[in-house]
Amino acid sequence: MTTLASGIDLPESPTIGNASVMVACDLDRTLIYSANSMALQCADSSAPSLVVAEVYEGAPLSFMTRAAWNVLERLVHHAVFVPVTTRTVQQFRRVNIPGRDRGYAVTTNGAVLLHDGVPDPAWSKFIHDSVEANCAPLQEVHERLLGPARPPAILRGRVAEDTFVYSIVNREELSADYLEELREWCQERGWTTSLQGRKLYCVPSPVTKEAALAEIRRRQPVDVLLAAGDSRLDAGMLRLADVATRPAHGELHQDGFQRANLSVTSATGIMAGEEILHFAAAHLPALQRALEN
Ligand SMILES: [Mg+2]
């Protein structure tokens, strides 16, 4: 018998009785996948049916398997589903998945709390004040990441909602030494770094998914928090959760990230997304029964 952080006794089986469950799920490369990241292992002729989860400038950009979509469509009625993403609000609104505009969502890596699609001004002010008190100014980090002294592997960049900065990088040319120097430089200034696919993020330390998620749990108490994510920006959320899962790909997988309460998918790519939703469903007895019928 395992006792969860919330005081709930977790039986050896994954079922958590009738406890209320919050499912907090990262989006990109955890729940939804671009063509470049879906990494299908099967022959084209036996590929799973896919659903478009994001359209960008009129063309499909992100996908889920149809099976994953079907589980999520039901899951949102059996659990408190919280999408959690580093995307900006605008980028988040392109993602069309069940439960997107219902209840809480976390965007901008935790700087913005959406409730029924509307940003919460009190949370934004709280984050703004903690960043101002604890971190070097955005302009200083922007200059370091994207100024004239940047290496050629840093191609171009963008500021996300006046909160953090990221750059599109050439992974082949990006050296481990540069990444480590940048990480240390940022750490000394109250910032953190994360490399995900072709995007290198520099984010103020108080802007975290787990802080936003803890606030949601404070406002909407649940017995069990289940979280899923693939990158270093998800690590705190996985630590905070009573039950955690991550795909067998991405930054945390490369880091060999493990926790006692963490399970790792057997699948990779978009099939891991499907497995994560089945993992969540296994913790929701009523949903599990509905899926079996
Ligand atoms: Mg991700």
Side-chain angles (χ1 to χ4, degrees), residues 23-40 52-54 56 61-65 68-69 72 81-97 99-100 104-112 114 158 160-161 163-169 171 179 192-203 207-213 225-241 244-259 262-265 267-277 279-280:
V23 176
C25 195
D26 169 53
L27 295 180
D28 293 85
R29 294 168 196 246
T30 299
L31 196 60
I32 64 173
Y33 292 78
S34 66
N36 283 336
S37 67
M38 65 174 67
L40 283 169
V52 175
E54 179 185 19
Y56 179 59
L61 187 60
S62 302
F63 306 83
M64 298 170 71
T65 67
W69 179 280
L72 182 59
F81 173 63
V82 181
V84 182
T85 181
T86 303
R87 286 172 174 247
T88 61
V89 174
Q90 190 186 18
Q91 292 165 341
F92 172 68
R93 286 186 173 140
R94 292 203 302 257
V95 178
N96 188 4
I97 54 171
R100 181 194 61 183
Y104 283 104
V106 175
T107 73
T108 327
N109 206 58
V112 177
L114 296 178
R158 189 178 157 186
E161 291 176 61
T163 303
F164 63 85
V165 60
Y166 64 89
S167 64
I168 307 297
V169 302
R171 286 288 292 256
L179 284 175
T192 51
T193 59
S194 175
L195 180 64
Q196 297 171 45
R198 295 183 66 223
K199 285 181 179 162
L200 174 59
Y201 294 87
C202 295
V203 181
V207 178
T208 66
K209 292 177 170 182
E210 61 271 25
L213 199 52
L225 174 62
L226 187 153
D230 71 301
S231 81
R232 273 182 209 162
L233 296 175
D234 299 313
M237 182 168 80
L238 300 184
R239 286 191 195 99
L240 177 73
T245 181
R246 67 165 176 81
H249 62 240
E251 204 176 26
L252 290 179
H253 195 64
Q254 281 163 13
D255 289 350
F257 183 81
Q258 297 289 351
R259 304 280 298 172
L262 174 82
S263 64
V264 181
T265 61
T268 58
I270 197 168
M271 297 312 294
E274 184 178 316
E275 193 178 328
I276 283 165
L277 284 166
F279 176 85

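Counting starts at 1 for both ligands and their atoms, in listed order. When reading the values below, keep in mind they use all heavy atoms of this one structure, side chains included, and skip hydrogens, waters and symmetry mates. The first residue in the sequence is number 1, and the count goes up from there.
- Electrostatic pairing of R232 and D255 counts as a salt bridge here, judged by a charged N lying under 4.0 Å from a carboxylate O.
- Atom CG of L27 is separated from atom OH of Y33 by 10.5 Å, given to the nearest 0.5 angstrom.
- Here the straight-line distance linking atom OH of Y201 with atom CZ of R158 works out to 10.0 Å at 0.5 Å rounding.
- Taking 2.8 Å as the limit, the number of protein N, O or S atoms around the Mg ion (ligand 1) is 3.
- A heavy-atom distance below 4.5 Å is found between the side chains of F63 and V52.
- Taking CE of M237 as the reference point, atom SG of C25 lies at 7.0 Å (rounded to 0.5 Å).
- Here the straight-line distance linking atom CG of L114 with atom OH of Y104 works out to 11.0 Å at 0.5 Å rounding.
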